There are 2 protein chains.
Amino acid sequence: MRRGLEFKKKARIILVDDNYDHLSGIKELIEIESDFDVVATATSASVAISLIKKYRPEIVLMDINMPEKDGLTAIAEIEKLDLGVRIIALTGYDDPDLIFRAMKIGAKGYILKTMASAQLIYAIDEVAAGKIYLPATLSSRFFEYFQKSFKEEAENTADEENLLNYLTQREEEVLDLLTQGITYKGVAQKLFISETTVKTHVNNIFQKLQVNDRTQAVLYALNNGFLNRRKVKIAI
Amino acid sequence: MRRGLEFKKKARIILVDDNYDHLSGIKELIEIESDFDVVATATSASVAISLIKKYRPEIVLMDINMPEKDGLTAIAEIEKLDLGVRIIALTGYDDPDLIFRAMKIGAKGYILKTMASAQLIYAIDEVAAGKIYLPATLSSRFFEYFQKSFKEEAENTADEENLLNYLTQREEEVLDLLTQGITYKGVAQKLFISETTVKTHVNNIFQKLQVNDRTQAVLYALNNGFLNRRKVKIAI
DNA sequence: AATGATTTAGACCACATGGTCTATAGATAG
DNA sequence: CTATCTATAGACCATGTGGTCTAAATCATT
């Protein structure tokens with residue numbers, strides 16, 4: 001796997017850190033300890049972005065903690081450019097929320113400044129090889145946060161008292177169309193039934209969901225995993 | 001780290017797999033190759049759940065591909081019981097969607113049946129030690145899927161042509177209340193303005209969002225990150 | 001000083017929506 | 001073989017909603 005790399009050209013890297021000393025430290029480290037090519041460095045996110053556009057590096061090492069424009073939004077912007085740049089986030093803290101958000105917006109790796117320099121080189125290696133790199137400590141933090149955020153969501157949706165469960169199949173179909181913003185007339189046409197029948201169904205839905213109008217019904221459906229359950233039915 | 005385990009009592013495990021041969025194979029493997037204690041086995045998810053309630057094991061090895069009640073919903077149910085059971089998912093395929101969903105609902109590990117038996121033992125070891133275990137190949141698949149799903153979300157929300165951007169502040173406030181299923185009268189009271197003013201705002205909102213009714217407006221808002229941007233304003 | 005955008009508000013009308021009640025045919029369950 | 005549930009559908013009415021037009025006060029910008 002790694003062997004394939006040796007034949008390739010050296011991966012080109014841009015370093016971004018608002019601390020100049022730290023920046024040159026990393027630069028030196030990479031140049032001495034690895035065979036990557038540091039083509040540019042930047043001390044601000046906005047400069048970094050124009051440098052990236054110019055040099056089209058394979059890898060960007062981005063410090064997250066920067067004044068002015070913070071690293072996370074910078075990463076988001078770079079990802080949006082869709083240049084195939086692979087970004088490694090760099091920070092002092094192992095804050096799970098930070099890690100989660102960085103990975104969410106597309107970072108391919110995440111390392112702490114306190115980590116050994118060998119680990120930094122290894123991370124770049126891995127990311128350059130197309131992989132995603134998270135040190136073990138960070139990946140567990142990531143997963144903790146990941147699962148926590150979804151657990152909260154699940155408690156709201158898959159709740160034991162989900163009124164959606166009381167709906168009949170036909171009522172679900174009607175509600176499904178309501179969640180697409182379709183009127184009585186539209187629903188009637190789509191389901192080949194009369195408009196008054198739709199009204200009956202809708203009224204029954206209101207009763208069961210304990211709401212007074214379509215908007216509330218749609219909101220209830222959306223907030224209680226109505227779309228998810230349709231997906232599941234199709235997927236599984 | 002690992003050393004701490006030796007002092008503890010052997011971790012107790014329940015195995016779940018609809019294939020009986022496979023089940024006894026794993027059981028034998030664990031009993032011979034490790035010092036874990038297989039307290040029970042089950043060939044169906046529903047049996048597994050009652051066994052878990054009875055034995056309160058530390059670890060559950062759960063096959064995902066089972067007829068009747070599938071493994072994923074079983075995992076979700078077990079997690080809901082909140083017994084502190086740590087579940088490892090087991091399957092033949094490395095389908096990223098499956099992996100993602102398993103981890104999402106709370107699995108602490110995920111391994112393939114095709115993997116070496118040593119890796120299975122190692123996975124149990126890690127999960128028993130409170131960690132989360134994903135083999136390298138699976139974790140990259142997980143992250144790919146993770147990032148892909150959020151990329152799509154971002155493209156829908158942070159889209160360049162987001163009609164929500166054209167709304168004035170007051171219109172945003174009104175729309176915010178609409179997304180809570182509040183009527184004209186309610187909005188008027190909340191904002192201390194007349195009902196007809198609310199109507200004017202709402203009509204302007206419809207124009208700007210290019211929709212014909214509140215439901216569609218609410219759906220547009222929800223699908224285009226209206227709630228997110230309020231969150232973002234507060235959070236970041 | 002003037003222009004334009006925003007917020008406020010009213011009038012008027014058509015019609016969509018919600019509430020309630022009744023009723024029939026078919027399916028399902030006890 | 002009832003009893004219940006479900007899907008269908010109509011009548012009737014009150015009211016909420018959406019469309020359009022007008023208009024005044026405020027505020028920012030030129």
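A note on names: the letters A, B, ... follow the listed sequences, proteins ahead of strands, and every chain is numbered from 1. Since this is a predicted model, take the numbers as computed values, not measurements.
Distances shorter than 4.0 Å separate none of the side-chain N or O atoms of N203(A) from OP1 or OP2 on dG18(C). Contact annotation: Y184(A) reaches the phosphate of dG18(C) (side-chain N/O to OP1 or OP2, under 4.0 Å).
The distance from atom OH of Y166(B) to atom P of dG4(C) is 20 Å, rounded to the nearest whole Å. Note: NZ (K185(A)) to P (dT17(C)) measures 9 Å, nearest angstrom. Note: CZ (F206(B)) to P (dA16(C)) measures 15 Å, nearest angstrom.
Cation-pi geometry between R101(A) and F150(B) is not met at under 6.0 angstrom from the ring centre and within 45 degrees of the axis. Geometric assessment of R141(B) against the ring of Y110(B) yields a negative cation-pi assignment under the 6.0 Å and 45° thresholds.
D213(A) has no carboxylate O lying under 4.0 Å from a charged side-chain N of R214(B), or vice versa, which leaves the two without a salt bridge. With respect to D176(B) and K190(B), no salt bridge is recorded, no charged nitrogen being found less than 4.0 Å from a carboxylate O.
A distance below 6.0 Å separates the ring centres of F146(B) and F142(A).
Donor-acceptor pairing under 3.5 Å is recorded for the side chains of S194(B) and T197(B).
Read 5' to 3', the first and last nucleotides of DNA chain D with an atom closer than 4.0 Å to a heavy atom of chain B are dG16(D) to dT20(D).
Residue K199(B) is in base contact, counting any heavy-atom pair closer than 4.0 Å across all strands shown.
When I14(A), V85(A), I13(A) are each tested for a side-chain contact (heavy atoms from CB on, under 4.5 Å) with Y55(A), only one passes: I14(A).
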Set out, line by line, the N/O atom pairs under 3.5 Å between protein and nucleotides 7-10 of chain C.
{"unit_1": "dT7(C)", "atom_1": "OP1", "unit_2": "R170(B)", "atom_2": "N", "d": "3.2"}
{"unit_1": "dT7(C)", "atom_1": "OP2", "unit_2": "T168(B)", "atom_2": "OG1", "d": "2.4"}
{"unit_1": "dT8(C)", "atom_1": "OP1", "unit_2": "R170(B)", "atom_2": "NE", "d": "3.1"}
{"unit_1": "dT8(C)", "atom_1": "OP1", "unit_2": "R170(B)", "atom_2": "NH2", "d": "2.7"}
{"unit_1": "dT8(C)", "atom_1": "OP2", "unit_2": "R170(B)", "atom_2": "NE", "d": "2.9"}
{"unit_1": "dT8(C)", "atom_1": "OP2", "unit_2": "H201(B)", "atom_2": "NE2", "d": "2.8"}
{"unit_1": "dA9(C)", "atom_1": "OP2", "unit_2": "S194(B)", "atom_2": "N", "d": "2.6"}
{"unit_1": "dA9(C)", "atom_1": "OP2", "unit_2": "T197(B)", "atom_2": "OG1", "d": "2.9"}
{"unit_1": "dA9(C)", "atom_1": "O5'", "unit_2": "T197(B)", "atom_2": "OG1", "d": "3.2"}
{"unit_1": "dA9(C)", "atom_1": "N7", "unit_2": "T200(B)", "atom_2": "OG1", "d": "3.3"}
{"unit_1": "dG10(C)", "atom_1": "OP2", "unit_2": "S194(B)", "atom_2": "OG", "d": "3.3"}
{"unit_1": "dG10(C)", "atom_1": "OP2", "unit_2": "T196(B)", "atom_2": "OG1", "d": "3.2"}

Stepwise, does the side-chain contact (heavy atoms from CB on, under 4.5 Å) test hold for L81(A) with K53(A)? CA-CA 9 Å; L81(A) 296 176; K53(A) 284 184 193 164; 3.9 Å; yes
